[in-house]
Trainee: 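Below you will find the structure I want to go over with you.
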There are 2 protein chains.
Amino acid sequence: MPARKGTAARPRDPVPGLVDSLLKGDKRAAGKLISLIEDDEPEATEALARIHPHTGRAHVVGFTGPPGVGKSSLINRLVRTLRGRAKKVGVVAVDPTSPYTGGAVLGDRIRMADTGVDPGVFIRSMATRGHAGGLALATFDAVRVLDALGMDLVLVETVGAGQSEVEIATRAHSTVVVEMPMTGDAVQTMKAGILEIGDVYVVNKVDLGNADVLVVKFQLEARDGWTPPIIRTAAIEGRGIDELADALMRHATFLDETGLRKQREIARARLEILENAQRLLARQVEAGSAFGKDFERMAEDVASRRLDPNAAARKLLPTSSRKPL
Amino acid sequence: MPARKGTAARPRDPVPGLVDSLLKGDKRAAGKLISLIEDDEPEATEALARIHPHTGRAHVVGFTGPPGVGKSSLINRLVRTLRGRAKKVGVVAVDPTSPYTGGAVLGDRIRMADTGVDPGVFIRSMATRGHAGGLALATFDAVRVLDALGMDLVLVETVGAGQSEVEIATRAHSTVVVEMPMTGDAVQTMKAGILEIGDVYVVNKVDLGNADVLVVKFQLEARDGWTPPIIRTAAIEGRGIDELADALMRHATFLDETGLRKQREIARARLEILENAQRLLARQVEAGSAFGKDFERMAEDVASRRLDPNAAARKLLPTSSRKPL
């Protein structure tokens with residue numbers, strides 16, 4: 001397990017005060033709370049428990065798609081369009097903190113800076129290397145902070161592409177899959193799974209190539225009564241952004257009217273409970289204190305092949321986890 | 001959570017027979033057992049419990065480094081060199097199954113195929129999308145199968161770069177960090193963490209540039225009495241591979257003589273117990289049956305903001321996990 005960041009020396013604001021400020025719309029408090037989440041500090045747990053009753057109002061939109069399709073530019077433009085409609089907008093950009101890709105996120109930050117001075121906009125790039133609860137949990141904890149801050153929409157941008165990013169996107173109320181025009185060969189590598197997670201599809205950079213090849217490939221069918229629209233955009237020029245905003249608003253209304261919003265909230269709650277439990281286990285093991293010498297003895301027994309790790313694991317989850325609570 | 005693969009219709013060999021064959025050195029049995037692990041099937045748990053007492057003999061070497069530095073070519077050459085020294089060698093290549101990078105691994109497979117007919121070599125590319133225990137757990141479960149198969153060394157190749165790959169590498173007995181000559185700017189993006197995890201550093205493709213810039217940057221110091229050597233290789237031409245094999249053998253001897261091997265085994269056991277426990281939790285939640293209606297009620301309470309997810313999670317880990325076992 002990677003070492004925790006050394007932030008202990010920095011003096012902290014007390015959590016109740018931070019949460020009170022957050023609920024009054026204080027962006028600085030939001031920033032500080034997200035830093036606690038990022039650093040996986042114990043105060044974050046307390047803060048999130050206090051915040052939880054004040055969440056559930058923001059519409060959360062996940063953006064996924066391969067690197068280079070222009071997600072940042074698209075989100076940047078969309079933020080401005082939504083502001084024009086008097087919506088308050090939060091953005092959480094996810095940095096998987098690969099040891100090798102540190103540079104990319106800084107670039108995204110700079111590109112997004114021009115919307116940063118507007119008080120109705122909050123943009124944050126998350127770094128969560130070695131977070132015991134995983135990237136998705138930390139990201140959606142940050143989303144909850146922006147929800148409580150009073151944002152009407154929270155946009156989650158995944159940087160790069162991969163399983164964890166798809167998981168993040170699928171936890172949103174609306175998932176936007178972003179692609180760009182490409183040749184038949186490239187379309188082949190676009191996996192089938194992508195066609196199952198999008199509520200809205202965007203073909204960005206339509207000025208760069210024939211979008212029809214891709215649009216035909218999508219072959220989208222209605223799911224639960226919603227046929228995902230395909231929006232053609234050229235984010236740099238601002239083309240198609242109004243249509244994207246309209247599509248997201250339509251999807252939000254659709255979720256409310258059909259009761260699907262509640263279903264999605266429950267599905268996300270299941271995952272969040274599980275991930276919180278997994279993090280609690282990880283913390284107990286990391287701290288060493290929770291299971292004490294018994295855990296150390298088990299680790300030695302596994303290392304010397306007297307005990308298999310799965311059998312050892314069952315001892316961490318006593319019988320009570322196998323029967324009703 | 002992603003859907004499990006639909007493999008139920010395929011008839012399966014009984015686990016005890018497969019394990020018996022594996023322990024006699026049957027590569028087909030090894031392949032079938034790794035498929036069970038990959039698909040996260042319940043039989044895998046039974047098989048791994050049976051295998052566990054027969055493991056601990058192989059020396060496990062993790063390879064990490066950014067894409068494009070030639071890890072596959074390096075491993076391919078190293079396998080041949082180790083075979084020349086009468087060592088049996090297993091290779092597990094990790095495919096994070098990003099929805100967008102499916103193509104790369106196939107290429108690696110093809111490049112590695114020329115060592116595939118030798119009975120003393122077993123090469124397997126792992127696909128573990130949506131594995132409930134995570135990539136690292138599945139990978140090291142596969143390593144254990146190759147250990148039980150009788151391999152003297154098991155090489156773990158991570159494809160791409162990122163936190164999970166670094167975690168995989170740090171679980172090995174020896175970790176090889178592979179880089180290639182680059183400019184000062186590129187060196188800046190090589191994060192400090194990389195200088196802490198390597199037992200052996202390789203500067204591959206020395207024919208392509210000035211390796212000294214990179215070698216100076218490494219500034220490696222002794223840790224626990226071992227100063228990581230820096231090996232210069234040109235894998236395509238086979239240069240430096242003997243030196244790499246020598247360095248790995250020296251490190252293996254060093255671990256034995258200092259007792260560090262046992263320490264590393266215990267550290268890995270801690271992680272494996274934790275990950276197995278986390279997977280058990282995930283399975284119970286996924287199955288829906290374990291916690292039954294109480295879990296569903298908790299999810300509804302979290303979704304309607306009557307309960308926060310961390311408080312709900314604590315109910316999955318009853319008091320017994322907070323006191324000694």
Side-chain angles (χ1 to χ4, degrees), chain A residues 1-2 45 48-49 52-53 55-56 66 96-100 102-103 129-130 161-163 166 189 191 193-194 262 265-266 269-274 276-278 280-282 284-285 290-292 294 298-300 302-303 305 308-318 320-322 324-325, chain B residues 1 45 48-49 52-53 55-56 66 96-100 102-103 129-130 161-163 166 189-191 193-194 262 265-266 269-274 276-278 280-282 284-285 290-292 294 298-300 302-303 305 308-318 320-322 324-325:
Chain A
M1 239 166 284
T45 307
L48 288 163
H52 191 66
T55 59
T97 53
S98 144
Y100 308 105
R129 174 198 288 237
Q163 182 59 25
V166 172
T189 69
K191 292 288 174 63
I194 282 298
K262 204 188 165 197
E265 288 278 346
I266 292 172
R270 278 191 210 106
L271 285 174
E272 286 189 331
I273 296 170
L274 170 62
N276 272 284
Q278 291 178 325
L280 281 170
L281 264 181
Q284 286 164 353
V285 168
F291 304 108
D294 295 292
M298 287 208 302
E300 281 169 30
V302 168
R305 272 69 187 176
D308 89 85
N310 194 61
R314 278 196 294 270
K315 297 186 186 182
L316 298 189
L317 303 175
S320 46
S321 72
R322 270 167 260 147
L325 299 172
Chain B
M1 239 164 284
T45 307
L48 288 162
H52 191 66
T55 59
T97 52
S98 144
Y100 308 104
R129 175 197 287 236
Q163 182 59 25
V166 171
T189 69
M190 191 179 71
K191 292 288 174 65
I194 282 299
K262 205 188 162 198
E265 289 276 348
I266 292 172
R270 278 191 211 105
L271 284 174
E272 286 189 333
I273 295 170
L274 170 62
N276 272 283
Q278 291 179 327
L280 281 170
L281 264 180
Q284 287 165 352
V285 168
F291 303 108
D294 295 291
M298 287 206 304
E300 281 168 30
V302 168
R305 272 68 187 179
D308 89 85
N310 194 61
R314 277 197 295 272
K315 297 188 186 182
L316 298 188
L317 304 175
S320 45
S321 72
R322 268 166 263 149
L325 299 172

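FYI, side chains are in, hydrogens and waters are out, and symmetry mates aren't considered; it's all heavy atoms of this structure. Below, chain A is the first sequence line, B the second, and so on; all start at residue 1. The shown structure was predicted, so the numbers you read here are calculated from the model rather than taken from an experiment.
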Trainee: Taking side chain to side chain donor-acceptor pair (under 3.5 Å) as the test, write out the residues that go with B:N310, two or more places apart.
Mentor: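 In terms of side chain to side chain donor-acceptor pair (under 3.5 Å), with neighbours along the sequence ignored, B:N310 is linked to no residue.
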
Trainee: Counting only heavy atoms closer than 4.5 Å, note whether B:A311 contacts chain A via side chain, backbone, both or neither.
Mentor: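 Looking at B:A311, nothing touches chain A.
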
Trainee: Does the pair A:R270 and B:V302 meet the rule for a side-chain contact (heavy atoms from CB on, under 4.5 Å), with working shown?
Mentor: CA-CA 8 Å; A:R270 278 191 210 106; B:V302 168; over 6 Å; no

Trainee: Looking at every heavy atom in both B:H52 and A:R305, which two are closest together, and how far apart are they?
Mentor: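 B:H52 and A:R305 have their closest heavy atoms at O-CG, 3.0 Å.
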
Trainee: Applying side chain to side chain donor-acceptor pair (under 3.5 Å), name anything that partners A:T45, two or more places apart in sequence or on another chain.
Mentor: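 With sequence neighbours excluded, A:T45 shows a side chain to side chain donor-acceptor pair (under 3.5 Å) to no residue whatsoever.
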
Trainee: Testing the basics here: between B:A303 and A:A269, what is the closest heavy-atom pair and its distance to 0.1 Å?
Mentor: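 So the minimum-distance heavy-atom pair works out to N-CB, 4.0 Å.
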
Trainee: Give me the atom names and distance for the closest heavy-atom approach of A:A313 to B:A277.
Mentor: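 Looking at all heavy atoms of both residues, the closest pair is CB-N, 3.3 Å.
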
Trainee: To the nearest 0.5 Å, tell me how far B:D308 CG sits from A:N276 CG.
Mentor: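 Spacing of CG (B:D308) from CG (A:N276) equals 7.5 Å.
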
Trainee: As an exercise, state the distance from CG of A:L281 to CG of B:L317, rounded to the nearest 0.5 Å.
Mentor: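 With rounding to 0.5 Å, CG (A:L281) is 5.0 Å from CG (B:L317).
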
